[in-house]
Structures are given as structure tokens and as C-alpha cells.
Student: 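Have a look at the structure that comes next, please.
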2 protein chains.
Amino acid sequence: MDQFRALRYFSKVAETGSFTKAAGVFGVPPSSLSRRVADLENSLGATLLKRSTREVKLTEVGQRYYTQVLDILNQLEQSNEAVRSYQAKPMGHLHISSMVGFGERILLPLLDEFSQLYPEIVLDVSLSDELSALSRDDVDLAIRGGYAPNERVLAIKLMGNQFIPVAAPSYLAEMGKPVHAIELKQHKGLYFRTPNGPTPWLSYINAQWQDVSAPQVAVSNNGNWLGDMAAKGKGILMVPRWATAHHLESGKLVELVLEPQVQINQNNDMAVYLLYQKQRYLVPKVKAAVDFLVARVKC
Amino acid sequence: MDQFRALRYFSKVAETGSFTKAAGVFGVPPSSLSRRVADLENSLGATLLKRSTREVKLTEVGQRYYTQVLDILNQLEQSNEAVRSYQAKPMGHLHISSMVGFGERILLPLLDEFSQLYPEIVLDVSLSDELSALSRDDVDLAIRGGYAPNERVLAIKLMGNQFIPVAAPSYLAEMGKPVHAIELKQHKGLYFRTPNGPTPWLSYINAQWQDVSAPQVAVSNNGNWLGDMAAKGKGILMVPRWATAHHLESGKLVELVLEPQVQINQNNDMAVYLLYQKQRYLVPKVKAAVDFLVARVKC
DNA sequence: ATCTTTATTGTCATAAAGACAATAATAAGT
DNA sequence: ACTTATTATTGTCTTTATGACAATAAAGAT
């Protein structure tokens with residue numbers, strides 16, 4: 001039995017819920033699929049699909065098997081793709097998904113140069129703070145603030161992602177410069193909205209984590225706007241150092257040194273990670289992009 | 001091309017470093033492996049193996065590919081094994097749908113023991129008197145009163161479902177004990193509401209079926225409540241023997257012996273059936289439950 | 001109850017893989 | 001340097017597996 005074919009047939013039938021539709025995809029008569037799937041079920045000694053004339057549904061085992069088979073077929077396809085493109089030069093679509101802030105400040109400015117280096121690569125960049133599934137999908141490279149989701153994905157730490165409190169000199173002149181973390185509660189706060197809600201300000205005071213968030217003046221998922229608000233003296237903002245470097249240099253914002261430290265997360269080992277499937281490093285376009293980004297960004 | 005076969009051949013050749021040895025493992029001539037591996041290389045457009053007469057070595061891509069392929073083949077084998085294991089021992093979700101009365105009185109008390117017997121089965125029990133279509137719903141087992149519905153479903157008669165008239169001694173003391181069925185019309189009736197409406201009382205009098213229903217005092221689809229009403233002397237109730245056994249034993253209700261017999265249906269071969277779908281490959285969890293229930297419940 | 005859609009089965013045609021012998025290539029032994 | 005032995009590959013035929021197409025059966029929808 002051609003197991004590979006049987007698995008593709010089976011998973012397509014499961015996906016479409018119909019032998020006829022799936023047969024259409026492969027350009028063969030439904031009877032072929034029926035026979036191959038029956039062979040497969042026979043070899044496993046289990047019923048994978050509940051058939052009726054109107055719909056085809058997965059059984060319980062079928063559902064489990066389907067999930068795994070889909071994953072296996074995907075991996076195989078990726079491995080094949082990697083080998084096929086092995087000796088070709090970097091080309092084709094490269095889908096990069098990045099956090100918005102990092103994308104705007106760091107990634108996009110670099111990509112011009114990358115495009116010139118590899119003119120045959122068509123860039124497709126998505127900026128979003130939602131964490132997209134790297135695994136089964138169409139994303140070649142992802143840049144995220146968290147850790148690797150599974151062992152098939154490789155994570156390279158690009159840079160630290162420590163959030164620091166900043167404010168405009170004018171704001172500090174008016175409201176006073178806070179020294180102890182607890183004083184923040186009397187200030188005005190500008191907040192990032194992550195997919196999990198606005199990020200609180202935390203500080204480790206008297207052997208305990210305390211929320212020292214100031215009253216909200218503005219909340220947004222747009223870092224630029226929050227930065228501008230802060231520069232206008234509207235409040236204090238917790239922001240990654242790399243995202244506000246230009247404001248710090250120009251003097252529009254200054255870093256607040258607080259005692260004890262204020263963070264937005266109990267573990268302060270936040271970092272920006274470059275994620276990709278390790279089996280895809282063989283694909284020239286992926287390798288080119290990974291190498292390029294690591295060379296340019298990594299501290 | 002049977003890609004999995006090609007992959008198995010390829011990886012065995014890579015592992016043994018020889019077409020001849022690998023061929024021995026599969027019990028086919030080396031020429032077959034040579035052809036399949038060549039096909040594979042052809043389809044990938046890359047050379048995976050460096051051949052010489054003395055040894056076969058992996059190329060650089062070949063090495064990468066080999067590692068990934070090995071992983072994929074392992075996963076597939078595991079998935080297949082998982083299915084076989086599922087077919088070998090009772091496990092997974094078991095969805096049982098039962099009539100309310102039977103479920104409460106008989107089924108649920110038994111299921112604790114069943115759970116202990118088969119800890120890997122997760123029970124999902126729905127109690128309802130609607131007759132859910134066994135085929136289209138995701139019900140593994142159904143318990144219903146009535147007759148065996150159709151071909152594709154296997155039905156096992158668990159117990160009789162004959163309805164008998166019962167009343168409280170206090171009620172009989174007050175209202176008199178009916179002897180002939182026709183007298184019931186002068187009594188008070190408690191009625192089940194089935195999905196088809198309240199069940200009438202029927203009796204075969206003078207070679208004719210007659211409705212001998214008493215005026216309705218209460219109608220409900222809740223057997224417990226009707227039983228309690230009857231025990232309080234509110235009226236006469238037609239109820240399955242198994243559902244009122246406890247009241248009969250405690251003497252709170254007594255069975256009425258009427259001439260001629262009173263039934264709720266013209267055919268008196270009502271029974272409680274255990275229904276499950278006939279499958280090509282027997283699912284252990286279903287078999288376990290069927291066997292268990294038959295052993296415990298069947299008279 | 002009838003119709004329509006859909007999966008399955010039967011039968012034949014076609015394509016793919018295996019078997020076996022022959023050949024070519026290369027490293028080892030002399 | 002020459003021979004030998006081992007091993008992969010190629011040619012040809014046979015066997016097996018898959019596809020094609022028509023016919024049948026079953027289940028939901030009208």
C-alpha cells in the first residue's frame with residue numbers, strides 16, 4: 001500500500017468532509033479515495049471516518065490520527081521544500097511576522113538593505129502583537145517577545161526587552177521626579193495594551209510584588225503614539241529601551257531611576273526573540289534572513 | 001511514487017551504509033532500493049547519497065534530510081501505534097445517552113463501578129427522553145424504550161419496560177380499589193409526558209381497544225415527582241416496574257391488578273434497549289460498556 | 001413516498017514496483 | 001600495475017497496486 005498517498009487522501013477527506021470533494025482536489029474518482037482510505041483503516045484495524053451519504057465525520061481515533069497525520073505531512077513537505085531549494089539562491093516569498101514596535105523601529109528600516117542584497121526575495125511583513133502560530137503556517141520568520149513555543153522551533157535572542165520608565169522633562173518639572181517606586185501611584189500613566197490587557201507596573205517592595213501602576217491617562221497598542229504622548233508631558237510610560245532610544249537621545253524623554261526597580265513582569269529576563277523552524281534553516285531565503293538579522297540586530 | 005516507501009528505503013540505506021544490506025532488511029533486491037532512492041532524489045532535485053562500490057555516504061543535504069526523515073517516520077509509527085492501542089484497550093471519551101428515568105435509577109449508580117474498572121475511559125452521559133439519532137449525533141451508546149429502530153443499529157434488550165398501574169394505599173382507601181379497567185375513568189390520573197404527549201391508558205375490552213384514562217391530576221416528564229405524587233395519594237400512575245421498585249418494596253405504593261390489563265400501548269412488548277452502531281472495527285470502549293451493562297442489567 | 005446526492009463495489013485498464021540476470025565501477029589484494 | 005571481489009546500476013519481464021468508469025446502495029432532503 002502506498003501509505004503516503006493513503007494519508008493524503010485520508011486527511012483531505014477529513015478536511016473537506018467529503019470523498020467527492022477531496023477526489024476533486026486530487027483529480028481522481030471518489031472510488032479511489034474510498035479504496036485507499038479503506039486500505040488505511042484496514043491496516044490500522046480501526047474506523048477513522050464515520051460515513052453517511054450526506055457527510056463524512058471523523059471518529060474519535062480518526063480525529064486524533066488526523067491531527068498527527070496533518071502535522072507529519074506538513075513536516076515532510078517542509079523537509080522536501082528545504083532540500084529542493086537547497087542549492088538555489090535565496091528567492092521567493094519570505095513571510096516575516098513581527099511585534100509592531102520592533103517592526104516599526106528596527107525591522108523595517110533594515111529590510112531595505114536586505115531587499116537590495118537579495119532582490120529575488122519578495123518580502124511579506126506582518127506586524128502584529130498577536131502571537132501567530134509559526135508551526136503549521138505560512139510564516140517563515142517571527143519576532144516575538146516570548147519564548148519558543150516548542151522544540152521544533154529555534155529561538156535566537158536578538159536583544160533585551162527590558163521595559164524602563166520614561167517621562168518628559170516638562171512632566172517631571174510639573175509633577176516632580178519620583179524616586180521611590182511607590183510614588184508612581186500619585187503620577188499619570190501611559191499604558192501599552194497587549195493581547196492580555198494593559199501591562200501593569202510592578203515593583204518588588206518589602207519582599208513582595210506590588211502593583212504600583214499610576215492612574216491611566218491613556219492606553220493604546222500603538223507605541224509611537226504613547227511615546228509622543230509621553231514626550232508631550234502627558235505622563236510616565238514603561239517602554240522597551242530600544243523603542244525609545246531616539247527620544248532619549250534627543251532629550252525629549254529621560255529615563256527614571258527608581259528604587260526599587262519597576263518592571264512590567266515578575267521575571268525581568270524579557271527579550272526579543274527571532275523564531276524559525278529549525279528544519280527550515282536549510283531554505284536559502286530563510287537562512288539569508290536569519291543570518292542577516294542576527295548580524296545586524298544581535299547585540 | 002510511494003514516498004514513504006522511498007523514505008524508508010533511503011533511511012535504511014543511510015543507516016546501514018549499503019544498498020545490499022538495506023535490501024536484505026526489506027527482503028527485496030538491491031535494485032529496488034536503488035530505483036526508489038533514485039526516484040526520491042529525482043523528485044527532490046538533489047543528491048542525497050554519495051555512492052561508491054565500497055561505501056554509501058550521506059551528502060550534506062542528505063544528512064539533514066535523513067535526520068528529519070527519521071523523525072517523521074518515527075512520529076508516523078507512533079501515531080499508527082496509538083491507533084492500534086486505541087483499538088486494543090478501552091479508552092477515550094464514551095458518550096452515553098439514556099432515558100432520564102432509567103439513567104437516574106439504574107445507569108448512573110452503575111457507572112461509578114464502570115469508571116473504576118476502566119479508568120482510561122472518560123464518561124459523558126446525557127439524560128434525555130428525546131430520541132436522539134444515534135447515527136448523526138456523536139453518541140456511542142444509547143438507552144431507549146421502545147423497539148429496535150433500524151438495521152444499522154444493534155439493539156440489545158436490557159429489561160422489560162412494561163408499565164403497571166400503581167397507587168398509594170391511602171388513595172385506595174379513600175377512592176376505592178378499582179377492579180375492572182373501565183372503573184379507572186372514575187379515578188384520578190398522573191401522567192408521563194413523552195415527546196409525543198401524555199401517555200393514555202388503554203385496555204382491551206370487548207375485543208376493542210378503549211381509552212380508560214382517568215381525568216388528569218398532574219402531567220410531567222419527571223418520573224420522580226410523579227412517583228412522589230402517587231405516594232402521597234394524589235392519584236393512579238402508570239409506571240415501569242423497575243422505576244417504582246423502591247416504592248413497591250417500602251409499601252408506599254401498591255400494584256393494581258386490573259381486569260382486563262391496562263397498558264400504555266397496544267403492543268405490550270415494550271422494553272428498554274441498549275443501542276449502539278455496528279462498526280466494521282469494534283471499538284473497545286464501546287464493547288467494554290456494552291458487556292458491562294449487559295452483565296449488570298440484563299435480566 | 002420520491003428524488004438527489006454520495007459512498008461503495010465490480011470489472012477492466014494502466015501504472016508502479018519487484019525479481020532476476022547482466023553490466024559497470026571501484027576499492028582491495030597480489 | 002593488474003586482477004579480483006564487491007557493490008550499485010541498468011535492462012527486461014512479471015507481479016502488484018492504483019486508476020477509471022459504470023452500476024449499486026444508502027441516507028438525507030423535498
Side-chain angles (χ1 to χ4, degrees), chain A residues 1-44 46-59 62, chain B residues 1-44 47-59 62 131-139 142 148-154 275 277-281:
Chain A
M1 178 185 61
D2 184 341
Q3 196 174 7
F4 183 60
R5 191 187 312 238
L7 291 178
R8 275 184 309 180
Y9 283 3
F10 161 66
S11 56
K12 189 56 81 180
V13 171
E15 181 192 325
T16 60
S18 155
F19 280 81
T20 308
K21 288 202 192 90
V25 175
F26 293 106
V28 296
S31 56
S32 292
L33 305 216
S34 175
R35 286 212 161 83
R36 281 334 110 219
V37 173
D39 287 350
L40 181 63
E41 291 181 318
N42 197 24
S43 83
L44 293 171
T47 308
L48 298 173
L49 296 169
K50 260 189 289 198
R51 292 105 154 140
S52 81
T53 50
R54 280 296 142 169
E55 61 177 1
V56 178
K57 277 165 52 177
L58 287 161
T59 62
Chain B
M1 178 185 60
D2 183 346
Q3 195 170 3
F4 274 117
R5 190 189 307 245
L7 292 177
R8 276 189 271 268
Y9 284 1
F10 160 67
S11 57
K12 189 56 82 179
V13 171
E15 180 191 325
T16 61
S18 155
F19 279 82
T20 309
K21 289 203 190 91
V25 175
F26 293 106
V28 296
S31 58
S32 291
L33 304 218
S34 175
R35 285 213 163 82
R36 281 334 112 219
V37 174
D39 286 350
L40 182 63
E41 290 181 318
N42 202 22
S43 85
L44 293 172
T47 306
L48 299 172
L49 296 168
K50 265 185 293 206
R51 289 103 153 145
S52 79
T53 50
R54 286 290 148 176
E55 60 175 1
V56 177
K57 278 164 57 178
L58 286 160
T59 62
L131 32 85
S132 67
L134 191 68
S135 54
R136 70 152 128 251
D137 295 324
D138 308 316
V139 176
N150 72 54
E151 297 290 317
R152 206 153 287 306
V153 171
L154 295 176
L275 310 170
Q277 19 196 5
K278 174 162 62 181
Q279 279 199 284
R280 201 175 334 213
Y281 306 96

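Just so it is clear: chains get the letters A, B, ... in the order the sequence lines come, proteins before strands, and each one is counted from 1.
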Student: For A:Arg54, which contact category applies under a 4.0 Å heavy-atom criterion: base, sugar-phosphate, or nothing?
Tutor: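 Base, at least one base heavy atom under 4.0 Å.
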Student: To the nearest Å, how far apart are A:Leu40 CG and D:dT18 P?
Tutor: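 One finds 12 Å between P of D:dT18 and CG of A:Leu40, rounded.
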Student: In whole angstroms, how far is the P atom of C:dA17 from the CG atom of B:Leu7?
Tutor: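 The answer, rounded to whole Å, is 12 Å.
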Student: Run the side-chain contact (heavy atoms from CB on, under 4.5 Å) check on A:Val13 and A:Leu49 step by step: do they pass?
Tutor: CA-CA 9 Å; A:Val13 171; A:Leu49 296 169; 3.8 Å; yes
Student: At less than 4.0 Å, is any side-chain N or O atom of A:Tyr9 found next to OP1 or OP2 of C:dA7? Yes or no.
Tutor: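 A:Tyr9 to C:dA7 OP1/OP2: no side-chain N or O under 4.0 Å.
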Student: Contact between B:Val37 and B:Leu48 at the side-chain level, heavy atoms closer than 4.5 Å - yes or no?
Tutor: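 No - every pair of side-chain heavy atoms lies 4.5 Å or more apart.
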Student: Can you figure out which of C:dA27, D:dT9, D:dT18 approaches the side chain of B:Ser52 most closely?
Tutor: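 The listed nucleotide nearest to B:Ser52's side chain is C:dA27.
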Student: Please answer whether the main-chain N or O of B:Val28 pairs with a side-chain N or O of B:Ser32 as donor and acceptor at a distance below 3.5 Å.
Tutor: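 Not at all, since once roles are kept as given, no pair shorter than 3.5 Å links the two residues.
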Student: Among the nucleotides C:dA17, D:dT9, C:dA19, which one has an atom lying closest to any side-chain atom of B:Val28?
Tutor: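 Output: C:dA19.
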Student: In whole angstrom, give the distance that lies between atom CZ of B:Arg51 and atom C1' of D:dT6.
Tutor: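 These atoms are roughly 17 Å apart.
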Student: Report each atom pair, protein N/O against N/O of nucleotides 20-24 of chain C, whose distance is under 3.5 angstrom.
Tutor:
residue : atom : partner : partner atom : Å
C:dC20  : N4   : B:Ser31 : OG           : 2.8

Student: Measure from CG on A:Asn42 to P on D:dT18 and round the result to the nearest Å.
Tutor: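 Those two atoms, CG and P, are 13 Å apart.
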Student: Need the bend value for the helix from C:dA1-D:dT30 to C:dT30-D:dA1: angle between end axes, 5 pairs each end, nearest 10°.
Tutor: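 Roughly 40° between the end axes, to the nearest 10°.
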Student: So does A:Arg51 pair up with A:Glu41, basic N to acidic O under 4.0 Å?
Tutor: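 Salt bridge present between A:Arg51 and A:Glu41.
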Student: Shortest non-hydrogen contact from B:Ala23 to B:Leu33?
Tutor: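 Answer, listing the atom of B:Ala23 first, then B:Leu33: N-CD1, 3.5 Å.
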Student: Do B:Tyr281 and A:Leu44 have side chains that get closer than 4.5 Å, going by heavy atoms?
Tutor: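 No. Closest side-chain heavy atoms not under 4.5 Å.
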Student: Of all the heavy-atom pairs spanning A:Leu58 and A:Ala14, show the shortest one and how long it is.
Tutor: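 Result for this residue pair: CD2-CB, 3.8 Å.
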Student: Starting at CG of A:Asp39 and ending at P of C:dA7, how long is that distance when rounded to a whole Å?
Tutor: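 Interatomic distance, CG of A:Asp39 to P of C:dA7: 17 Å.
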Student: Round to the nearest Å and state the distance from A:Leu33 atom CG to D:dG19 atom P.
Tutor: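 Taking CG of A:Leu33 and P of D:dG19, I get 8 Å after rounding.
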Student: Return no unless some side-chain N or O of B:Arg36 is found under 4.0 Å from OP1 or OP2 of C:dA17.
Tutor: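 Checking B:Arg36 against C:dA17: at least one side-chain N or O falls below 4.0 Å of OP1 or OP2.
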Student: For the residue pair A:Arg36 / A:Gln3, report whether a side-chain donor-acceptor contact shorter than 3.5 Å exists.
Tutor: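 Side-chain D/A pair, A:Gln3 to A:Arg36: absent.
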Student: Can you tell me if B:Thr59 uses its side chain to pair, donor with acceptor, with the backbone of B:Thr47 under 3.5 Å?
Tutor: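 The answer is yes, because a donor-acceptor pair under 3.5 Å joins these two groups.
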Student: Can you sort out which residues in residues 18-27 of chain B have a heavy atom within less than 4.0 Å of DNA chain D? Ascending by number, please.
Tutor: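 Per residue number, the list reads B:Ser18, B:Phe19, B:Thr20.
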Student: Carefully, step by step, assess B:Ser18 and B:Glu55 under the rule side-chain contact (heavy atoms from CB on, under 4.5 Å).
Tutor: CA-CA 6 Å; B:Ser18 155; B:Glu55 60 175 1; over 6 Å; no
Student: Between A:Lys50 and B:Gln277, does the side-chain contact (heavy atoms from CB on, under 4.5 Å) criterion hold? Intermediate values first, please.
Tutor: CA-CA 11 Å; A:Lys50 260 189 289 198; B:Gln277 19 196 5; 4.2 Å; yes
Student: Whole-Å distance between C:dT8 C1' and A:Glu41 CD?
Tutor: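 Spelled out: CD on A:Glu41 to C1' on C:dT8 is 12 Å.
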Student: Give the rounded distance in Å between these two atoms: CD of B:Gln3 and P of C:dA17.
Tutor: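 B:Gln3 atom CD is separated from C:dA17 atom P by 11 Å.
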Student: Counting only side-chain N and O atoms of B:Arg5, is one of them less than 4.0 Å from OP1 or OP2 of C:dA17?
Tutor: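 So the side chain of B:Arg5 is outside the cut-off, no N or O lying under 4.0 Å from OP1 or OP2 of C:dA17.
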Student: Could you go step by step and tell me if A:Arg5 and A:Phe26 meet the side-chain contact (heavy atoms from CB on, under 4.5 Å) rule?
Tutor: CA-CA 10 Å; A:Arg5 191 187 312 238; A:Phe26 293 106; over 6 Å; no
